[in-house]
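Predicted model only: the values in this text are computed from it and were never measured.
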Amino acid sequence: MNLVTLLPFIVLIGAMFLMTRSAKKKQQAAAQMRDHMSPGTGVRTIGGMYATVKEIGEDTVTLEVAPGVHAIYAKNAIGAVLDDAEYNRIVHGISDDLTIDTPAVPDDASSLTLDKDADKSADEAGTDAPKLDLGKKDEPEAGEPKDGETKGDKPEDGKGDGEAGAK
């Protein structure tokens, strides 16, 4: 046989070997992570629920999902074992970083400008400007009908109610 005909099969077998090897590594890492669980450790399930480990069995784990509420899960349902600091930050909102040196973001952009006197004069000048006509009229002008009314008793096209072609 020629090497060119065997090359696709060799590449296919090599790709399958690499894929199964990476999957086995992931499974071993997950099993090792689950072995490091101990009572009192914070975990995240594969469904995204955060809980504290209470008891560890052969294939199951008893989790405390709320104070006094215990649930039994399969070990395979544990998605991640969390550090105490990360668990407290996510579940309780407790942060170890007590420095609050970050600047506060202002509510408006006026404090971000350098010349504050120019802003005040621009605001005062803006109050004297005429209002912009947006096409809406507050009250009809003299001689114009109000909404829903016509100028006279007869329609503009000369046709009355009940006649052919009346609107």
Under 4.5 Å between side-chain heavy atoms, counting indirect links through other Ile/Leu/Val/Met/Phe/Trp/Tyr residues: same cluster for Ile56 and Met49 or not?
yes
What do you reckon, is CD1 of Ile90 surrounded by more than 12 foreign heavy atoms closer than 6.0 Å?
yes
Verdict with reasoning, Thr45 to Tyr50, per side chain to side chain donor-acceptor pair (under 3.5 Å):
CA-CA 7 Å; Thr45 65; Tyr50 293 92; over 6 Å; no
Distance, nearest 0.5 Å, that separates OG1 of Thr20 from NZ of Lys25
11.0 Å
pair Tyr73-Thr60: side-chain heavy atoms closer than 4.5 Å
no
Looking at Val53, Thr41, Val43, Asn76, which hits side-chain contact (heavy atoms from CB on, under 4.5 Å) with Val61?
Val53
Rounded to the nearest 0.5 Å, what separates atom NZ in Lys75 from atom CE in Met37?
5.5 Å
With clusters defined by side-chain heavy atoms of hydrophobic residues (ILVMFWY) lying less than 4.5 Å apart, directly or transitively, does Val69 cluster with Leu63?
yes
Return yes if some donor-acceptor pair links the side-chain N/O of Glu64 with the main-chain N/O of Gly68 below 3.5 Å, else return no.
yes
In short, Pro39 meets Lys54 closest at the heavy-atom pair CB-O, 3.5 Å
When rounded to the nearest 0.5 angstrom, what distance separates CG in Asp59 from CD1 in Ile72?
12.5 Å
Does a sphere of radius 6.0 Å around CD in Glu86 hold more than 12 heavy atoms from other residues, nucleotides or ligands, not counting ones at 6.0 Å or beyond?
yes
Taking every non-hydrogen atom, the tightest pair across Met33 and Ile78
CE-O, 4.0 Å
